[in-house]
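Below: the structure, in structure tokens.
All values below come from the heavy atoms of this structure, side chains included, with hydrogens, waters and symmetry mates left out.
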Amino acid sequence: MSIGPSFDTGILRIRLKAAEDKVKAFESGEKYVRMQEQFKAVFREQNAKIRRLEEELRKAHAETVDVRKIWSEIFDDVYREANAGKFALRKEIARLGQRVLEVERQRDAAMDRLRDELRNKNRELYELKAALYDAEQKIAALTARINKDHTNSSKSSSQSPNHKTIPNGREKSGKKPGGQKGHIHHERKQMEPTEVVAIPAPPIYTDDPNFKETGRIIRKQLIKLHVNVEVIEYQTPEFRNQATGQRVHAAFPEGLKDEVAYDGTVKAFAYLLNNECYVGIGKTQSFIKEVTGGGLDLSTGLICSLSRQFSEKTKEERDEVFLKLFSAPVMHADFTFGRMNGSQTAVMICAAGDTVLYQGRPKKGEEGVEGSPLEFYDGILISDHEAALIKHGSKNQECMAHIKRYLISSIENEKNLTWNAMMKEWIKDAVIYWNDVHNGGEEDLEKVAELDQRYDEIITTAKTEYEYEPPGEYFKDGYNLYKRMAEEKERYTLFLHDPRVEPDNNLAERCARKFKRKAAQVMCFRSQNGVDWFCDGLSIIQSIKATGKNIYESVKERFNAGLEV
């Protein structure tokens, strides 16, 4: 059974207390005084003994004088005995003096030993305190890592299973969900009927003179959906050259190369199910077969190849999107990730307004930026402080939504600081001002100057706090954020001076969700080509949505391009 460190520390503290008491006794002189008093007591006892012997000697001298003549020989013996007694006393006194000196040497040695022990204990105590501080810093760093989620870091909410509902900023009204009392009923939209079924009035109303027709017709519609397969077969007679054996026939319309071909209606339906509705290839195949009553049974290979076909047919459109983004004054950029053949793959997202371009990349960083509109972009870039992204663009704006999360992490792990909460409140006020201007309000230069001044004051507060109490070795996220915000102020305040610049990168974040949904559905793409083809199609679909056109019809037209039927 092992004794814990708390028990050993307790013993050390008791021993250290006893040693400190001994040292204090010697340093105060109390121990030395007691030793002197003991020596004086012994000395007084010996002096008393000497005086007693001297008194006896005096009496002996008196008696010797009286009987000198008679007892001369006895006097000599007594005198020798007295001299022998004095010699013994002097010897005893010398012995006691040596004993006092020895005691003093022992006292000095004991004090030296206690000082050494105290020095060693202080060193051990310092080492224990240093180890305790180091352990507390490690615990704080591990706690921060464990508590890291989508609310206090750049980690996405999809990577935090069972997370709490993300608030939408709405205030609860306390009313029940649904239409409220007095609310106008919104009826379902009626369609042009293809068949009218008249229901005759019952005799109970027509035969009763009290009932008269109002002229109003009550209509209720039953809407049905039918999916029919239309098959157009082209036939032409074949001819054989009797001399050469050559077989020939009339030319079929352009696009009819195989015995069975599918036009854009079929391809668009299957493509959108798989890529826009995120239905798996196998389920897309079985659904189309069942909804057509078994009349249309597409192969999984055909469904899989639709992404490649759509990518090839829309290359020129993507080039136009590329140029449009390249010339945009403000652009959002971000990377998102998926799985490809067991390894990570990246997607470069560039967005400006309703224009979005997705580009599959084997990895992020400079290699991911190459070939994208961002590579030689000279406008204003909004990003999430990605190292490879902030190198591009004439100016950069940091995503303040991410900065707010980093500040929340600093508040949770650096509770003794105040600058982080102040900066979080500053972001809130700055974004409110930008929203007012963006929604039609007038720019207020005094308000911008006041926000700039508050920003500088908060940075000064952060500097003072970190100088007074430097950051721990294992959690420097808050300190690193302060350094960036102090050195690169323009990246965090550009949206205040230019209303075109949004304060966050939510546009690119929202676009990234499109790919994330597909990545979650397929789990893992089989090849990088599959990632590229999906991204190509997603860029065109987002452009179609921006124009407000019918997605199905638009995709069908692109698949039918080059098909002369």
Residues which pass ring-ring contact (aromatic ring centres under 6.0 Å, His included) with [X], listed by chain and number, not counting sequence neighbours:
X: H249; value: F252
X: F310; value: Y271, F559
X: F322; value: none

### Query
Can you find a side-chain donor-acceptor pair between S305 and Q309 that sits under 3.5 Å?
yes
### Query
Any ring pair (Phe, Tyr, Trp, His ring centres under 6.0 Å) pairs touching residues 436-464, not counting sequence neighbours?
W426-Y455, W434-H438
### Task
With sequence neighbours excluded, give me every ring pair (Phe, Tyr, Trp, His ring centres under 6.0 Å) pair touching residues 330-383.
none
Considering residues at least two apart in sequence or located in another chain, which fulfil the salt bridge (Lys or Arg N to Asp or Glu O under 4.0 Å) criterion with [X]?
X: K324; value: none
X: E450; value: K447
X: E509; value: none

### Query
Please, which pairs that meet salt bridge (charged side-chain N to carboxylate O under 4.0 Å, His left out) have at least one residue in residues 278-294, sequence neighbours excluded?
K289-D297
### Query
Any side-chain heavy atom of I411 sitting closer than 4.5 Å to one from K415?
no
### Task
Apply side chain to side chain contact (heavy atoms under 4.5 Å, CB included) to D456 and list each qualifying residue two or more places apart in sequence or on a separate chain.
K489
### Query
Which residues satisfy the side chain to side chain contact (heavy atoms under 4.5 Å, CB included) test with N416, sequence neighbours excluded?
E414, E469
### Message
Can you list everything that forms a side chain to side chain donor-acceptor pair (under 3.5 Å) with D498? Sequence neighbours excluded, please.
### Response
R500
